[in-house]
**Student:** 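Right, I'll just put the structure down here and ask away after.
First the proteins, then the strands, lettered A, B, ... as listed; each starts at 1. Everything numeric here is computed off the predicted structure, so don't read it as measured data. All values below were derived from every heavy atom in this structure, side-chain atoms included, with hydrogens, water molecules and symmetry-related copies excluded.
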Number of protein chains: 4
Amino acid sequence: MTGARRPHTGRRRNEAAREAILAAAAGLLAHGEVGISVDTIAAAAGVGKQTIYRWWPSKGAVLLEAAVAQAEIQAPVPDTGSLGQDLDVFLVATFRTVAANKSLLRNAMAEALRDDAAAKVLKEFAVSRRAALAEILERAQQRGVAIEDRDLTLDQAFGVLWYRILFEHDELDEQAAERLAAALARSAAG
Amino acid sequence: MTGARRPHTGRRRNEAAREAILAAAAGLLAHGEVGISVDTIAAAAGVGKQTIYRWWPSKGAVLLEAAVAQAEIQAPVPDTGSLGQDLDVFLVATFRTVAANKSLLRNAMAEALRDDAAAKVLKEFAVSRRAALAEILERAQQRGVAIEDRDLTLDQAFGVLWYRILFEHDELDEQAAERLAAALARSAAG
Amino acid sequence: MTGARRPHTGRRRNEAAREAILAAAAGLLAHGEVGISVDTIAAAAGVGKQTIYRWWPSKGAVLLEAAVAQAEIQAPVPDTGSLGQDLDVFLVATFRTVAANKSLLRNAMAEALRDDAAAKVLKEFAVSRRAALAEILERAQQRGVAIEDRDLTLDQAFGVLWYRILFEHDELDEQAAERLAAALARSAAG
Amino acid sequence: MTGARRPHTGRRRNEAAREAILAAAAGLLAHGEVGISVDTIAAAAGVGKQTIYRWWPSKGAVLLEAAVAQAEIQAPVPDTGSLGQDLDVFLVATFRTVAANKSLLRNAMAEALRDDAAAKVLKEFAVSRRAALAEILERAQQRGVAIEDRDLTLDQAFGVLWYRILFEHDELDEQAAERLAAALARSAAG
DNA sequence: TTCTAACCGAGACGGTACGTCCTGTCTTCGT
DNA sequence: ACGAAGACAGGACGTACCGTCTCGGTTAGAA
């Protein structure tokens, strides 16, 4: 990765360097490494360490930004007209993405637990994901479906997700997503 | 803490030293410290570093064992004859203990994500807590209550718990426990 | 000593740090300490331990370099026209310097016996001192004085010196130097 | 070496254990090892560490005693009636023994430089060797040979010996011994 | 056009923690 | 009382990493 010679951009920020850093970080995170060091990221990106610290406040912040950028789910919020189906589509897509980025997300959480700047990024990510699911519930309510406890429903969805990411005791496959969707539909619109 | 002179026990393991180490580790964990070092633990316990490494494979393993020992919930599995009530009692007690040990559990997870030995201890802890809740559901089934998906119900309970421990976006109070208990009762015995 | 703030030198080696390390090491050596630790040197020099290990292969190598730099005798090779007088002047000066640095030299030898890198430095020092004395003998030969066995004469001079440094059974004063000079003159130019 | 089962001797000191310790220490010393630890000696001797510390004040003391016992030269003080011949015989025998135990003696000196108890043993050894050579000179004097400076002559002999042991710049063979003997004869009885 | 300020790769630096090794002491259990 | 075994407190070792700093070089845009 070091080989990619980037042209200097004079006194403007070098966007290519920024991308190389995030790419290198994402690569190391996804690879499941545990002790990722700044030197390693810098070397993998072919970048000086200072270039990292010029733009991010700490190692954790870089890793988190890389993780979030990587895990950013393309899954658009579905709108099938049925709460059950919306939940199912959303969760199946979410589980799929998460399963593909599991070690990255575990690493992200590990960083967030030690680094406030990283925690902030992870929380923003979580908030944006919650908003997507909240929209689905919101629409159902507007259609007249009674939702018992919206926040708790969101916690249950993402709680199960993160619990399985972190404890690895059970699968993160399509079937798991569908069962969770069904349970949430029962519980929310009890 | 260093002052506590312990009698040597010759060529048998010194149980007092073991306890001093776990107590020191638990104290530091509970205090919410983030960068707990082995030297700090050793100094606080009045112990040589080697005595820690003689009995635990890594720093994470000590911290986890200390955390688990500390968080080990006394809450006996309730048996009120009603699933809803059992869930309520169990979760209220669990939330209370967890709230009192939140930073300890966050630290524990941080260690577990970096250290396999620590992860093992945390998983054993999780398994034992799941077993307690599983017993409640089991008894309900034996009383004829139809439980839709037992494992998923357990994941929902502990998922919400850990999600709130780690993301700190919402309370871990009695009311939250009761709302979760109600939702689980609806969802499980739909 | 720690207080002496040194300016950073960017990516070039910081010569001031190098000197601070050698000065700190020499200070500890001269003080007659026996168990000099790298941490102690680093602390005394106001330097990180890694800065020592970046430039020296081992503790012994630093200590030896410091010892040699310190003991490097200013005594210029005398040229009085008489072998006996040259020997006398050289040995008196050498004995004086050695006596003033005895514990430093003992420490240096202790390191050299345990550390190959240190041994190398000590040997280079010994070679340079031998060369100085050899020059005196050489000049005497050119003047027509018959030297029986030059290498052995050198060994006798430095042998007596080190023997007294290490075994401390006898003085290293001016009188001793003069008696040795006389004996060597007798023996060499027998 | 551990295998050699020794019978317990009840409450009397076990002489076999003492010998096993010295033998193990001598073995390690002769082998040229540099970082000889007490555990290593104890294990090689099939002995508990405490058994070593019960009888010797420090690691260095054991090693030195072992070294001295090993190097103890059998060479009886010769009495040929001629100073030159006596010196020759004595030094040739001494050099031979020393050459065979060089790394042992280097190790011994390394210990002595760090351990006072060891230094004491080494000095006693040196004194006894000096006494042997002094006897030769004494007898020559009684025969009417004028000895210029007896102590210095002793220093020259043992100085050259130790200098070559420690700096390893030249041989310790028979020829070296003979040349030294000749030089000393010239120098002493100038 | 020249100057200068911000960027970049590189890597040394002070400092903290790691996990290992060793010393000399202490205690148990067996002879 | 002694011996084998080995845990213990303490402390040094050499390595890894963090975040800061400076160097020497490049380029964009202000003077």
**Student:** On DNA chain E, nearest-nucleotide positions of B:Pro7 versus B:Tyr53: which is more 5'?
**Tutor:** B:Tyr53
**Student:** Side chain of B:Val47 only, please: which of F:dT22, F:dA9, E:dC8 is the nearest?
**Tutor:**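 Nearest to the side chain of B:Val47 among the choices is F:dA9.
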**Student:** Figure out the CZ/C1' separation between C:Arg11 and F:dT20, and round it to whole Å.
**Tutor:** 17 Å
**Student:** Expressed in angstrom and rounded to an integer, what is the separation of C:Trp55 atom CH2 from E:dG14 atom P?
**Tutor:**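 In whole Å, E:dG14 P and C:Trp55 CH2 are 12 Å from each other.
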**Student:** Touch check for B:Ile41, heavy atoms < 4.0 angstrom, all strands: base, sugar-phosphate only, or nothing?
**Tutor:** nothing
**Student:** Name the residue closer to the 5' end of DNA chain F, choosing between B:His8 and D:Ala42 according to the nucleotide with the nearest heavy atom.
**Tutor:**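 Closer to the 5' end of DNA chain F: D:Ala42.
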**Student:** Under 4.5 Å between any side-chain heavy atoms of D:Asn101 and D:Gln70, yes or no?
**Tutor:** yes
**Student:** With sugar-phosphate meaning primed atoms plus P, OP1 and OP2, does B:Arg54 contact a base, only sugar-phosphate, or nothing at under 4.0 Å between heavy atoms?
**Tutor:**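 B:Arg54: base contact, heavy atoms under 4.0 Å.
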**Student:** Give the rounded distance in Å between these two atoms: CG of D:Leu63 and C1' of E:dT23.
**Tutor:** 13 Å
**Student:** Can you tell which of E:dG14, F:dA4, F:dC18 lies closest to the side chain of A:Lys59?
**Tutor:** F:dC18
**Student:** Determine the sole option in C:Leu63, C:Leu29, C:Val68 for which the side-chain contact (heavy atoms from CB on, under 4.5 Å) test with C:Leu104 is passed.
**Tutor:** C:Leu29
**Student:** Taking atom C1' of E:dG24 as reference, at what distance in whole Å does atom CD1 of D:Ile21 sit?
**Tutor:**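 Going from CD1 in D:Ile21 over to C1' in E:dG24 covers 15 Å.
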**Student:** What integer distance in Å separates B:Glu15:CD from F:dC8:C1'?
**Tutor:** 14 Å
**Student:** Kindly point out which of F:dC17, E:dC29, E:dG9 is positioned nearest to the side chain of A:Ser37?
**Tutor:**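 Closest nucleotide among those given: F:dC17.
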**Student:** Here's a test for you: under side-chain contact (heavy atoms from CB on, under 4.5 Å), which of C:Val121, C:Ile52, C:Ile36 qualifies with C:Val62?
**Tutor:**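 Of the listed residues C:Val121, C:Ile52, C:Ile36, the side-chain contact (heavy atoms from CB on, under 4.5 Å) partner of C:Val62 is C:Ile52.
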**Student:** Can you tell which of E:dC18, F:dC13, E:dC22 lies closest to the side chain of B:Gln50?
**Tutor:**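 So the nucleotide nearest the side chain must be E:dC22.
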**Student:** Under 4.0 Å between any heavy atoms, over every strand shown, what does D:Ile52 touch: base, sugar-phosphate, or nothing? Just pick one.
**Tutor:**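 Since no nucleic acid heavy atom lies under 4.0 Å of D:Ile52, the category is nothing.
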**Student:** Heavy-atom distance under 4.5 Å between the side chains of B:Phe167 and A:Leu122, does that happen here?
**Tutor:**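 A side-chain contact exists here, since the closest heavy-atom pair is under 4.5 Å.
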**Student:** For B:Arg6 and E:dC26, give me the distance from atom CZ to atom C1', rounded to whole Å.
**Tutor:**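 Roughly 14 Å, once rounded to whole Å.
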**Student:** Do C:Trp55 and C:Arg13 make a side-chain contact, defined as non-hydrogen atoms from C-beta onward lying under 4.5 Å apart?
**Tutor:**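 They are in contact (side-chain heavy atoms under 4.5 Å apart), so the answer is yes.
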**Student:** Step by step, work out the salt bridge (charged side-chain N to carboxylate O under 4.0 Å, His left out) result for C:Lys49 and C:Asp39.
**Tutor:** CA-CA 6 Å; C:Lys49 221 180 348 170; C:Asp39 287 274; 3.6 Å; yes
**Student:** Would you mind telling me which residue lines up with the more 5' stretch of DNA chain E, B:Ser58 or C:Arg12, judged by nearest nucleotide?
**Tutor:** C:Arg12
**Student:** Let me know the distance between CZ of D:Arg114 and P of E:dT23, rounded to the nearest Å.
**Tutor:**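 Value for this atom pair: 12 Å.
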**Student:** Identify, between C:Thr9 and A:Thr40, the residue whose nearest nucleotide on DNA chain F lies closer to the 5' end.
**Tutor:**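 Its nearest nucleotide lies further toward 5', so the answer is A:Thr40.
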**Student:** Could you work out which one of E:dC13, F:dT26, F:dA4 sits closest to the side chain of C:Asn14?
**Tutor:** E:dC13
**Student:** Using whole Å, what does the distance between atom P of nucleotide E:dT20 and atom CH2 of B:Trp56 come to?
**Tutor:**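 Going from CH2 in B:Trp56 over to P in E:dT20 covers 15 Å.
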**Student:** Kindly say if B:Thr51 contacts the phosphate of F:dA7, meaning a side-chain N or O under 4.0 Å from OP1 or OP2.
**Tutor:**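 The answer is no; no side-chain N or O of B:Thr51 sits under 4.0 Å from OP1 or OP2.
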**Student:** Check whether the side chain of D:Lys49 and the base of E:dG24 form a donor-acceptor pair under 3.5 Å.
**Tutor:** yes
